[in-house]
Amino acid sequence: MRPEYDGVKFYSVYDWCIKEHLAKAAVILESYDENKKYTDVNEVIELYNIQELINSGVNLEEWDEEKIDHYKKLCGSFMSFRKVLWANK
């Protein structure tokens, strides 16, 4: 792993830093482009971690149900490019 990497990670719902990672995930989700070809394995792993965070059921207090549903929908689209990435390796 790159020593300067400070991206989104998911360890468990009991991780004391989960809210910090949710805040980072929100920034990435807000700029997520469904049409971009994600070919960097590190980006794909980070998106996987974001998906795990969002699906964990832990949310930031400022997120309303609409935002949570939007993030879940975005995370649902992540699987398709993971298949493409691994198929091309």
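Starting from 1, each residue takes its place in the sequence as its number.
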- Query: Residues in side chain to side chain contact (heavy atoms under 4.5 Å, CB included) with E52, at least two apart?
  - Reply: F10, Y48

- Item | Summary of ring-ring contact (aromatic ring centres under 6.0 Å, His included) pairs that have at least one residue in residues 50-72, sequence neighbours excluded | W63-Y71

- Query: Between D15 (side chain) and Y11 (backbone), is there a donor-acceptor pair under 3.5 Å?
  - Reply: no

- Message: Check whether H21 reaches the backbone of K9 with its side chain - one donor and one acceptor, N or O, closer than 3.5 Å.
- Response: yes

Any chance you could measure [X], atom [atom1], to [Y], atom [atom2], to the nearest 0.5 Å?
X	Y	atom1	atom2	result
K72	S77	NZ	OG	15.0 Å
E20	W16	CD	CH2	14.5 Å
I18	L60	CD1	CG	9.5 Å

- Note on the structure: Smallest heavy-atom separation, N49 atom then V8 atom, equals ND2-O, 3.4 Å

- Query: Are K67 and N59 close enough, and set up right, to give a side-chain contact (heavy atoms from CB on, under 4.5 Å), and what steps lead you there?
  - Reply: CA-CA 10 Å; K67 184 171 289 259; N59 304 304; over 6 Å; no

- Looking at D40, I28, V41, which hits side chain to side chain contact (heavy atoms under 4.5 Å, CB included) with E46? I28

- Quick one: which of L29, L53, L47 gives a side chain to side chain contact (heavy atoms under 4.5 Å, CB included) with C75? L29

- Query: Hey, is CD on E62 packed in by over 12 heavy atoms from elsewhere, all under 6.0 Å?
  - Reply: yes

- Is there a path of hydrophobic side-chain contacts, each under 4.5 Å between heavy atoms of I, L, V, M, F, W or Y residues, that connects Y14 with L22? yes

- Message: Would D6 and K24 count as a salt bridge (Lys or Arg N to Asp or Glu O under 4.0 Å) here? Give the steps.
- Response: CA-CA 9 Å; D6 189 35; K24 288 180 188 178; 3.0 Å; yes

- Task: Could you pull out all residues at least two apart from E61 that satisfy salt bridge (charged side-chain N to carboxylate O under 4.0 Å, His left out)?
- Result: K19

